[in-house]
Amino acid sequence: MTERSVQPATNPTVALATVGLSLDVFEGPFDLLITLILNEEVDLLEVHLADVVLAYIERLEARGELDLEAATEFLILIAALLELKSRLMLPGAEVDGLQLEPQEAVEELLARLLEYRRFRGAADWLHERLASEQRFRYRAAPLPPELRRVTLEAARPVYKPERLVGAMRALLRTPPEVDLRHMHHPTVSLERRLAHLRDLLGSRGSFSFEQAVEGADRMTQAVTLFALLELYKSGELVWRQRENFGEIEIMAGETR
Amino acid sequence: MGPIARQVSALLFCALEPVAVRELAEALECEVQDVDEAVAELRETFAEGGSGIVLREVAGGLTFASDPEADTAVRRLLSRPRTPPLSQAQAECLAIVAYLQPVSRPEIARIRGVNSDSAAATLEERGLIEEKGRSQFGAILYKTTPLFEKLFGLEDIGALPDFKAFEPSVEDAAELRDKLLRAGEQRVS
Amino acid sequence: MGPIARQVSALLFCALEPVAVRELAEALECEVQDVDEAVAELRETFAEGGSGIVLREVAGGLTFASDPEADTAVRRLLSRPRTPPLSQAQAECLAIVAYLQPVSRPEIARIRGVNSDSAAATLEERGLIEEKGRSQFGAILYKTTPLFEKLFGLEDIGALPDFKAFEPSVEDAAELRDKLLRAGEQRVS
């Protein structure tokens with residue numbers, strides 16, 4: 001939260017009055033536009049209010065003051081204009097009644113602004129009140145456990161022993177055994193993988209790990225790796241890997 | 001301090017929320033009047049600048065708080081952040097709900113001249129306002145909560161300042177009216 | 001009461017845990033000796049039978065508590081229904097303790113097939129079970145309390161429904177324990 005938003009809003013109309021507008025039908029400060037509309041010198045139906053809003057926002061942004069929350073008074077004016085405009089756009093019989101005299105329009109706008117100002121005053125009061133009240137701290141400590149439970153004297157039977165029986169039944173229940181018979185139980189013999197490696201050493205002299213496990217499933221690959229470690233330990237073979245994740249070259253060791 | 005005053009004090013110390021006199025009387029199995037007398041006694045012992053603990057009457061009940069004079073030390077000891085301040089939008093929205101409750105979201109937006117849903121949602125999240133049914137047109141109505149009264153140190157919602165206190169001065173109103181007309185007159189002349 | 005005493009009182013009021021004298025001195029930016037003097041002052045105001053709030057000096061430092069003379073009233077006000085319905089985890093945990101007591105925490109976990117510390121802690125807090133020494137391996141052992149019997153309307157622990165109600169084949173507690181452990185292991189695997 002910015003420091004700015006903590007402060008009661010400063011009156012944004014000062015800046016507002018000087019916001020320059022360059023619209024199709026009007027060029028000049030915003031204040032003047034309002035007055036012209038009120039005096040019916042500019043047709044509200046011709047004014048693109050979105051352009052007015054954009055011009056205002058751009059102005060604030062350029063000044064590094066963009067704080068829409070503080071711009072409420074501007075927004076109220078725009079809202080009032082929108083309301084006026086939408087009423088003007090309504091076709092038919094009511095139009096006559098909507099021909100607001102400049103004086104009437106000013107009074108209507110003024111009434112809204114004054115109403116808003118009252119609540120802004122109340123908001124300022126709330127700000128100050130909260131700041132001064134915060135120095136009072138309320139306790140947040142929970143009740144000590146011994147005060148949190150019912151006393152023996154005050155206790156009445158509220159639970160049924162059957163609840164415990166039910167819980168026990170649930171605990172004694174075992175899940176049905178999963179039938180594993182359909183599962184293929186691959187068995188890979190370490191002996192056979194040792195023999196395979198020795199065969200390769202004998203026939204090729206050196207080979208890669210990839211070649212040793214060509215076409216093998218994961219289990220076979222794992223057992224092959226294990227067999228490889230066994231033969232390394234016994235000195236029957238050595239290996240070399242030139243780079244990380246590179247190919248592992250396997251060749252006969254000294255004791256062979 | 002009399003026995004009832006001592007027990008009321010103990011009850012308020014243990015309870016985390018303000019307790020109404022009637023509830024205290026029920027817990028102590030005594031008359032409301034006895035509690036009233038006890039409270040009068042407590043007000044002396046637990047006054048500001050008295051014992052470091054202050055008796056407060058907020059949100060329709062009684063509660064203890066720490067003496068504001070210790071605020072700096074409390075913050076140093078607990079490094080507990082203060083409740084985040086209200087943004088301008090939240091404060092305005094809260095002021096409208098506080099004075100007009102129950103009030104609908106569109107009404108808040110009309111007065112502020114800007115959609116206030118996010119401010120209202122934040123206030124609701126912070127527990128300062130809550131929904132209170134729907135208007136005849138189906139809009140959510142808001143009212144303030146007991147937490148609002150507690151945090152703003154209000155005995156009840158009637159303890160808010162008279163709304164007339166915020167009436168813009170006649171001069172301000174006149175100035176505003178002038179401002180709306182002046183530019184036009186300049187133009188005309 | 002002097003200003004330091006008042007502030008110490010405010011600090012203890014706000015703190016959730018006991019506060020050491022040194023910490024109090026730091027928060028108040030004063031000497032430990034000043035705090036000691038303030039504490040001597042507080043001992044008088046906050047003695048039992050004094051103001052309903054009692055100063056306690058416990059392991060970690062100083063703390064406030066409500067005067068025990070108000071315990072009955074505090075319970076009446078704040079602990080109304082402290083017997084909420086049991087969750088399935090709590091019911092299972094309680095059943096294990098009730099039928100196999102004394103039983104260790106790890107054993108409860110093995111039978112239920114899940115860590116049950118939180119369920120056990122809640123049951124302990126509500127006074128339904130309590131610690132009863134340690135197993136030979138140092139694990140906490142639990143047994144049920146007299147409050148448990150009263151809340152379940154049992155004259156004594158022997159009045160629990162017989163094993164036969166849920167496992168007709170079981171003869172004694174040892175056999176029940178084995179069966180439960182086996183079932184627990186199967187659930188886990």
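It should be emphasised that the depicted structure is a prediction, and the values quoted were computed from it without experimental measurement. The chains referred to below are lettered A, B, ... by the order of the sequence lines, with proteins before strands, and numbering in each begins at 1.
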Checklist outcome for this item: Under 4.5 Å to a heavy atom of chain A? For B:F163 that would be side chain
Next on the checklist: Can you tell whether the side chains of B:E92 and A:R120 come within less than 4.0 Å, N to carboxylate O?
Outcome noted: no
Next on the checklist: Within 45 degrees of the ring normal and closer than 6.0 Å to the centroid, is that where the cationic atom of A:R139 sits relative to B:F64?
Outcome noted: no
Checklist outcome for this item: Heavy atoms of A:L130 and B:F152 approach each other most closely as CB-CE2, 3.7 Å
Next on the checklist: Is it the case that atom CD in A:Q241 sees more than 12 heavy atoms from other parts of the structure closer than 6.0 Å?
Outcome noted: yes
Checklist entry - Do other residues, nucleotides or ligands put more than 12 heavy atoms under 6.0 Å from B:E44 CD? => result no
Item to check | Smallest separation among heavy atoms of B:S87 and A:H127, with atom names | outcome: O-NE2, 4.1 Å
Checklist entry - Quick one: CZ on B:R110 to OH on A:Y116, what's the gap to the nearest 0.5 Å? => result 13.5 Å
Next on the checklist: Show the nearest heavy-atom pair for residues B:Y99 and A:A122, with the distance to one decimal.
Outcome noted: CE1-CB, 3.8 Å
Next on the checklist: Checking B:R112 against A:E115 for the salt bridge (charged side-chain N to carboxylate O under 4.0 Å, His left out) test, could you report, in this order, the C-alpha distance in whole Å, the side-chain angles of both residues, the deciding distance, and whether it holds?
Outcome noted: CA-CA 9 Å; B:R112 293 197 59 237; A:E115 185 183 28; over 6 Å; no
Item to check | B:R56 vs A:E133, salt bridge (charged side-chain N to carboxylate O under 4.0 Å, His left out): CA-CA, chis, key distance, verdict | outcome: CA-CA 11 Å; B:R56 309 216 71 207; A:E133 280 297 312; 2.5 Å; yes
Next on the checklist: A side-chain contact here means heavy atoms from C-beta on lying under 4.5 Å apart; do A:F136 and B:S66 qualify?
Outcome noted: no
Checklist entry - So which part of B:K150 gets closer than 4.5 Å to some heavy atom of chain A, the side chain, the backbone, both or neither? => result both
Item to check | B:Q88 to A:A123 - nearest heavy-atom pair and separation | outcome: NE2-CB, 4.4 Å
Item to check | Interchain contact, B:I53 with chain A, by part (heavy-atom threshold 4.5 Å) | outcome: neither
Checklist entry - Where the side chain of A:R137 meets the backbone of B:A65, is there a donor-acceptor pair that is under 3.5 Å apart? => result no
Checklist outcome for this item: Note: vs chain A, highest number of non-hydrogen pairs under 4.5 angstrom among B:P168, B:A165, B:A15 is B:P168
Checklist entry - Is B:K132 atom NZ crowded by more than 12 heavy atoms from other residues, nucleotides or ligands, each under 6.0 Å away? => result no
Item to check | Pairwise distance OH(A:Y138) to CG(B:L151) - rounded to 0.5 angstrom | outcome: 7.5 Å
Checklist entry - From A:R135 CZ over to B:D67 CG, what is the distance, rounded to the nearest 0.5 angstrom? => result 8.5 Å
Item to check | Inter-residue atom distance A:F119.CZ - B:F166.CZ, 0.5 Å rounding | outcome: 10.0 Å
Checklist entry - About how many Å separate CG of A:L126 and CZ of B:F148, when rounded to the nearest 0.5 Å? => result 5.5 Å
